[in-house]
Each structure stands twice: as structure tokens, then as C-alpha cells.
Amino acid sequence: MTSLRANPLKVSAAQLCELLLQNGAKSAEPGIVPGSVLARFEGSPAEQELFRQGYYHVEGQASQLAALCVEAKPGDTVLDLCAAPGGKTLLLAEEMQGTGRLISCDVTENRVQLIAKAVERMGFTACVETLCNDASRPNPKLPQADRILVDAPCSGLGILAKKPDIRYKSLPKARHDELLATQSAILDTAASLLKAGGRLVYSTCTIDPAENEEQVAAFLNRHPEFRVVTPEVPFPQGMTVGEHGALSVPTRTGMDGFFLCAMQKQ
């Protein structure tokens with residue numbers, strides 16, 4: 001099954017299921033995350049006319065959940081600091097109803113082009129700007145924001161089912177330490193860019209506590225002006241919710257291994 005996100009500006013998840021079945025999908029049903037759809041196709045979901053017309057984009061359910069927890073509103077200024085290939089940016093733009101200002105960033109130009117292509121296909125060029133940016137360093141081009149999503153680079157241990165080769169490539173300590181330092185630096189950048197009262201969501205596709213709960217705990221020690229908050233979007237059954245965030249383990253939720261934590265700045 002392929003996980004999709006219905007574009008609520010065009011169609012509901014239930015309506016998308018009907019349209020997919022009418023257009024040749026082998027199966028289509030709502031997923032466990034609100035607005036998500038699980039579908040089975042003969043070929044690629046990107047070959048469907050509904051895809052080309054911006055009725056949906058392809059995105060894992062756990063990934064959708066992280067973007068929903070940002071709770072972006074119409075008219076907000078929102079930063080997606082580690083955005084490629086752009087699925088979460090599209091969901092944020094949908095939540096903003098195509099209004100406000102959404103700056104979608106990634107560290108390499110070719111990945112930024114992937115985001116721009118997806119934004120154009122979905123028709124969100126009026127509210128989404130793309131920027132090649134290293135989020136681990138301050139950038140005066142970035143504005144103060146109401147909402148920030150940090151879907152940080154990580155070890156990827158939550159997606160072993162999709163990339164089983166990761167299982168045999170445990171990171172050397174020096175590389176793991178470097179990754180932790182990068183995550184920490186990106187979070188510090190986000191803290192400096194978020195307005196008082198704003199929402200910061202940190203997420204990874206790993207189940208490593210050092211990159212997840214321990215990273216959040218260290219961030220809160222450095223930035224006592226932040227506190228963990230509970231998003232309005234309901235967590236699927238099976239997620240482990242703790243003091244420093246929520247964890248999805250595939251065998252318990254049916255989603256990818258994924259971590260997220262929503263924080264508010266005082």
C-alpha cells in the first residue's frame with residue numbers, strides 16, 4: 001500500500017478514495033492519520049492524472065502526522081527548515097489554505113528543485129518560497145516565524161522496512177556525534193527564528209533515543225523559554241507519548257518508525 005495525502009483544498013480523503021477507484025486504483029481506503037489515504041496501484045502513483053492535477057501527494061502517514069502537529073494556520077509565517085523532497089511543505093501549504101508565507105528550505109540546490117517542482121504541481125507558488133539554506137547556521141534572509149518544522153537529518157532507523165540496507169550500516173561514533181551536533185544546531189537556529197508564543201515541531205524517522213528524547217531534553221535545558229505541548233491532532237493508537245515527545249514503532253502503529261515533539265516558545 002502507498003500512503004497518500006489528500007489535498008483538502010480540492011477533495012476529502014473519502015472523496016479521493018472514490019476518485020482513485022474510479023480511475024483504476026486496485027484499492028483505496030482512509031489511513032489512520034486524518035486526511036491520509038492508503039492505496040494500491042498497478043503502476044506508480046505519480047503516473048495518475050489525479051496526481052498531476054494536485055489532488056494528492058505521496059507521503060508516509062507518520063510524516064504527515066509531524067506536519068499536522070505544526071498546526072499551521074492561514075496567514076501564518078512558517079518555516080520548513082529541512083524540507084526535501086517537499087511532502088511536508090505541501091501539507092503545511094494546504095493547512096494554510098494557500099495563504100501567508102511558507103519558506104521551504106534544504107541544504108542542496110538539487111533537493112530544493114524537487115520541492116519547487118512539487119509546489120508548482122500542487123498550485124502553491126503564491127504562498128511557498130524555496131530557499132537553498134544550511135539550517136545549522138544562522139541566515140539573515142529567514143524571517144521570524146509563527147511556526148517552524150524541523151524534520152531533522154537522522155540515522156533513519158525507523159524506516160528499515162523500506163531501506164533494509166541501513167540495518168548493516170550502523171553509524172561510526174564520530175559520524176553519529178556529528179549527526180547529533182547537526183540536529184542540535186538546527187534546533188538552536190529554529191529557536192532563534194521562532195516568535196514568542198510560536199510552535200516548533202521537531203521530528204525524525206529514527207527510534208534512537210539519543211536523536212529523539214535526549215535531543216529534546218538537551219534543547220529544553222539550553223532554551224528554558226520552551227515547553228513541550230500536546231498538539232490537537234490525535235495520535236494514532238500504539239504511539240508512545242512521553243515527557244519529551246511521541247514515538248511510533250512500526251509493530252505497534254503500522255506506520256514507519258518516527259519521533260515527533262511539539263514545543264511552544266514562551
Notebook entry, point to check: Just checking, any donor-acceptor pair under 3.5 angstrom between side chains of S104 and T130?
Noted result: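 On atom types as modelled, these side chains do not qualify, holding no pair under 3.5 Å.
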
Note to self: Under a 3.5 Å cutoff, is there a donor and acceptor pairing between the side chains of S44 and E47?
What the structure shows: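 No donor-acceptor contact under 3.5 Å links the two side chains.
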
Could you grab the distance from atom [atom1] of [X] to atom [atom2] of [Y], nearest 0.5 Å is fine?
{"X": "L149", "Y": "C82", "atom1": "CG", "atom2": "SG", "result": "8.0 Å"}
{"X": "T2", "Y": "L38", "atom1": "OG1", "atom2": "CG", "result": "9.0 Å"}
{"X": "C154", "Y": "N212", "atom1": "SG", "atom2": "CG", "result": "8.0 Å"}
{"X": "S192", "Y": "L187", "atom1": "OG", "atom2": "CG", "result": "11.0 Å"}
{"X": "L247", "Y": "F235", "atom1": "CG", "atom2": "CZ", "result": "11.0 Å"}
{"X": "L260", "Y": "S203", "atom1": "CG", "atom2": "OG", "result": "6.5 Å"}

Where do [X] and [Y] come nearest, in terms of heavy atoms and distance?
{"X": "L20", "Y": "A39", "answer": "CD1-CB, 4.1 Å"}
{"X": "L21", "Y": "A28", "answer": "CD2-N, 3.8 Å"}
{"X": "K265", "Y": "A191", "answer": "NZ-O, 2.9 Å"}
{"X": "A46", "Y": "R52", "answer": "O-NH1, 4.2 Å"}
{"X": "T189", "Y": "A135", "answer": "OG1-O, 2.8 Å"}
{"X": "S248", "Y": "D256", "answer": "OG-O, 2.8 Å"}

With hydrophobic residues grouped by side-chain heavy-atom distances under 4.5 Å, do [X] and [Y] end up in a single group?
{"X": "L4", "Y": "M122", "value": "no"}
{"X": "V37", "Y": "V58", "value": "yes"}
{"X": "V241", "Y": "V201", "value": "no"}
{"X": "V78", "Y": "I103", "value": "no"}
{"X": "L180", "Y": "V216", "value": "no"}

Please identify each residue that fulfils side chain to side chain contact (heavy atoms under 4.5 Å, CB included) with [X], with sequence neighbours left out.
{"X": "A190", "value": "L81, I148, V150, L200"}
{"X": "S36", "value": "V33, Q61, Q64"}
{"X": "T230", "value": "none"}
{"X": "A185", "value": "S136"}

Note to self: Atom CD of residue position Q266 - does it have more than 12 heavy atoms of other residues, nucleotides or ligands inside 6.0 Å?
What the structure shows: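 Check passes, neighbour count above 12.
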
Next item on the list: Give a yes or no on whether E243 atom CD has more than 12 heavy-atom contacts from other residues, nucleotides or ligands under 6.0 Å away.
Entry: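 No, CD of E243 has 12 or fewer neighbouring heavy atoms, counting only those of other groups under 6.0 Å.
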
With a 4.5 Å limit on heavy-atom distance, are the side chains of [X] and [Y] in contact?
{"X": "Q237", "Y": "I32", "result": "no"}
{"X": "P153", "Y": "L179", "result": "yes"}
{"X": "C132", "Y": "V107", "result": "no"}
{"X": "F259", "Y": "T204", "result": "yes"}

Check: Between F41 and Y56, how do the two ring planes meet: parallel, tilted or perpendicular, split at 30° and 60°?
Finding: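 F41 and Y56: parallel rings.
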
Checklist line | Evaluation steps, side chain to side chain contact (heavy atoms under 4.5 Å, CB included), between V249 and T240 | finding: CA-CA 8 Å; V249 176; T240 303; 5.6 Å; no

Check: Would you find a donor on one side and an acceptor on the other, under 3.5 Å apart, between the side chain of Q48 and the backbone of P45?
Finding: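 No, the answer is negative, given that no donor and acceptor are paired below the 3.5 Å cut-off.
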
Next item on the list: Check whether any side-chain N or O of K26 sits under 3.5 Å from a backbone N or O of G24 as a donor-acceptor pair, and report yes or no.
Entry: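 No.
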
Next item on the list: List for me each residue that meets side chain to side chain donor-acceptor pair (under 3.5 Å) alongside E59, sequence neighbours excluded, and say none if there are none.
Entry: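 Side chain to side chain donor-acceptor pair (under 3.5 Å) list for E59, sorted by chain: H57, S63.
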
Item checked: With sequence neighbours excluded, residues passing side chain to side chain donor-acceptor pair (under 3.5 Å) with R222 ->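 R222 satisfies side chain to side chain donor-acceptor pair (under 3.5 Å) with S184, D188 once adjacent residues are dropped.
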
Next item on the list: Hey, could you give me each pair passing salt bridge (Lys or Arg N to Asp or Glu O under 4.0 Å) that has a residue in residues 137-154? Not counting sequence neighbours.
Entry: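 Qualifying pairs: D76-R147, K88-D151, D134-R137, D146-K195.
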
Check: Which salt bridge (Lys or Arg N to Asp or Glu O under 4.0 Å) pairs, counting each pair once, include a residue from residues 4-20, with sequence neighbours left out?
Finding: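 The answer is none; no pair qualifies.
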
Note to self: Between Q183 and E211, does the side chain to side chain contact (heavy atoms under 4.5 Å, CB included) criterion hold? Intermediate values first, please.
What the structure shows: CA-CA 8 Å; Q183 294 166 349; E211 300 176 60; 3.0 Å; yes

Next item on the list: Evaluate the side chain to side chain contact (heavy atoms under 4.5 Å, CB included) criterion for residues L142 and L131: first the C-alpha distance (whole Å), next the side-chain angles of each, then the deciding distance (0.1 Å), finally the verdict.
Entry: CA-CA 9 Å; L142 293 174; L131 179 67; 3.7 Å; yes

Just distance, no hydrogens or angles: give the donor-acceptor pairs under 3.5 Å from side chains in residues 91-101, sequence neighbours left out.
residue	atom	partner	partner atom	Å
T99	OG1	G75	N	2.9
T99	OG1	M96	O	2.8
R101	NE	E129	OE2	2.6
R101	NH2	E129	OE1	3.3

Next item on the list: I would like to know whether F124 and L9 meet side chain to side chain contact (heavy atoms under 4.5 Å, CB included); could you show each step before the answer?
Entry: CA-CA 11 Å; F124 291 133; L9 304 186; 3.6 Å; yes

Check: Is there any side-chain hydrogen bond (donor to acceptor under 3.5 Å, both in side chains) pair reaching into residues 110-128, and which pairs are they, with sequence neighbours excluded?
Finding: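 Every side-chain hydrogen bond (donor to acceptor under 3.5 Å, both in side chains) pair that includes a residue of residues 110-128, provided the two are not neighbours, is D106-R111, T108-N110, E109-Q113.
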
Check: Is there any side-chain hydrogen bond (donor to acceptor under 3.5 Å, both in side chains) pair reaching into residues 171-181, and which pairs are they, with sequence neighbours excluded?
Finding: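 Found K173-D177, H176-D208.
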
Notebook entry, point to check: Which residues satisfy the ring pair (Phe, Tyr, Trp, His ring centres under 6.0 Å) test with F226, sequence neighbours excluded?
Noted result: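 Counting only residues at least two positions away or on another chain, F226 forms a ring pair (Phe, Tyr, Trp, His ring centres under 6.0 Å) with F219.
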
